[in-house]
Amino acid sequence: MPDPLPELRERLLRAGVRPGAVSRYLAELRDHHDDLVAEALSDGLSEADATTRARQRLGGIDALARPIETDRRFHGWAGRTPWAVFVLIPVLVHAAAVVSVVLGLIAAARSGHAPGRLAPLLDAAQYLAGGVIPILGAWLLAVIAMRQRSRLVWPLAGAGVLALLSASVRLSLTAPVSGQPGEIAAGLALPSILHVLALILIAMLPVLWLPATLCRRFLAAGGR
Amino acid sequence: MPRATNPNFLNGVPELLVLRLLRGREMYGYELVQAIREATSETITLGEGVVYPVLHMLEREGALASRRQAVAGRSRIYYRLTPQGERRLNDISQSWERITGAIRNVLEGPRHA
């Protein structure tokens, strides 16, 4: 009789149950199983018979999975509303990050930096908003998707939207010169396809280093 | 006025047993299942793992509190009843007694004068 817990873990995660709830449930089941085995051994059963009896008393996979699978209170947001977790929230966080970058530029411009020193700051801001933030965001979405066995389409959609959005952001800065006020502008423009493709490729680079088993598990996730 | 219904009266059995057995004594899952087996003379036998979703749901709703304790190299989670759990136990017990009383009346058949 095979150990049912690894299969139970996969089934619950694919059903959208929160990884923390799954881990706790499995840890308690594992302890319970060990107690049942110890009880059976003390009754004089062999190791193999004790394990078989323990698994029978613990319950089958269906019986163990159904109460948690069917109770939405155990489900995480990524399971219940993947569109919000993988698309809406990243877009909002990216917008908030761009606003923060612009506010940072305004603060730097007001602090009386020489115009020559503001140009590298603008470059850094462009680099952050157009490259670093979306790539880190896409990596984070991939981690969430792997932990929760989400369908591949969701992190890909999120990464794609982030890449499009960040490649569309345009920041410009005119430094204040001799009494003339400066100007900081932020807007959206048609994105460069090369920029979008480069972001998507870089966002997918870590997949090359993932163990094959993890990749297969990720690609096999298809319940939600 | 709509009549109050009790569709969950059978589903509520594990919850009732868990709350009642944890009244006044904290226990971890395995201990609790053995207590259920003893208290019901093994009349009620569940897949033993099924007790954990009930415990987690009751804890989430504030009826139970838990604490971890390391015992013999393992981390056990002990559960105890909260004041909210006491109130819930009283409510469920009263409902259960009404239901079992009604069923008993049916089983005993109509009384004739």
Side-chain angles (χ1 to χ4, degrees), chain A residues 1-9 11-13 15-43 50-77 80, chain B residues 7-8 10-19 21-22 26-38 40-80 84 88:
Chain A
M1 195 175 179
D3 182 358
L5 297 189
E7 189 183 335
L8 181 64
R9 172 187 295 278
R11 178 165 162 176
L12 293 177
L13 288 172
V17 180
R18 286 191 312 280
V22 174
S23 295
R24 181 176 171 185
Y25 185 36
L26 264 70
E28 285 186 288
L29 286 177
R30 175 68 63 199
D31 275 349
H32 196 117
H33 173 269
D34 292 348
D35 283 329
L36 289 171
V37 169
E39 181 192 319
L41 288 173
S42 71
D43 288 346
T51 303
T52 303
R53 189 168 93 177
R55 287 180 187 164
Q56 281 168 348
R57 276 181 54 181
L58 204 58
I61 287 187
D62 279 339
L64 294 173
R66 210 170 296 123
I68 293 214
E69 265 178 346
T70 53
D71 190 337
R72 302 275 287 173
R73 288 170 294 186
F74 290 110
H75 290 217
W77 286 107
R80 281 187 279 187
Chain B
N8 292 325
L10 282 176
N11 291 342
V13 171
E15 181 182 335
L16 175 61
L17 294 175
V18 164
L19 290 173
L21 289 167
L22 288 174
E26 65 171 11
M27 285 188 252
Y28 60 95
Y30 172 77
E31 205 178 8
L32 181 62
V33 171
Q34 305 320 306
I36 292 174
R37 288 167 71 97
E38 277 175 32
T40 64
S41 309
E42 302 199 20
T43 305
I44 295 177
T45 51
L46 316 159
E48 296 192 11
V50 171
V51 78
Y52 294 103
V54 177
L55 288 168
H56 296 174
M57 186 269 293
L58 288 170
E59 185 185 15
R60 193 177 165 83
E61 292 179 354
L64 298 180
S66 69
R67 69 178 177 89
R68 280 179 191 273
Q69 187 180 329
V71 179
R74 273 196 263 162
S75 171
R76 291 201 192 284
I77 301 181
Y78 283 84
Y79 295 89
R80 66 178 183 282
Q84 192 183 324
R88 187 159 171 165

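Quick caveat, the model's predicted, so the values are computed rather than measured. Here is how names work: the chains are called A, B, and so on, in the same order as the sequence lines, proteins then strands, and each is numbered from 1.
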Quick check for you: to the nearest 0.5 Å, what is the distance between [X] atom [atom1] and [Y] atom [atom2]?
X: A:His32; Y: B:Arg76; atom1: NE2; atom2: CZ; answer: 10.0 Å
X: B:Tyr52; Y: A:Leu29; atom1: OH; atom2: CG; answer: 6.5 Å
X: B:Gln34; Y: A:Leu36; atom1: CD; atom2: CG; answer: 6.5 Å

Set of residues satisfying side chain to side chain donor-acceptor pair (under 3.5 Å) with respect to A:Arg18, sequence neighbours excluded: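 Listed in chain order: nothing, the list is empty.
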
Worked verdict on B:Tyr28 versus A:Asp31 for side chain to side chain contact (heavy atoms under 4.5 Å, CB included): CA-CA 10 Å; B:Tyr28 60 95; A:Asp31 275 349; over 6 Å; no

Evaluation steps, side chain to side chain contact (heavy atoms under 4.5 Å, CB included), between A:Arg24 and B:Ile77: CA-CA 10 Å; A:Arg24 181 176 171 185; B:Ile77 301 181; 3.6 Å; yes

Which atom of B:Pro53 lies closest to which atom of A:Phe74, heavy atoms considered: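 Residues B:Pro53 and A:Phe74, closest heavy atoms: O-CZ, 3.6 Å.
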
Considering all heavy atoms, the nearest B:Val50-A:Leu64 contact: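 Shortest heavy-atom contact: N-CD2, 4.1 Å.
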
Atom CZ of B:Arg68: over 12 foreign heavy atoms under 6.0 Å: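 Not more than 12 within 6.0 Å, no.
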
Contact listing (chain A partner; residues 54-63 of chain B; heavy atom under 4.5 Å):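 Near chain A, by residue number: B:His56, B:Met57, B:Glu59, B:Arg60, B:Glu61.
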
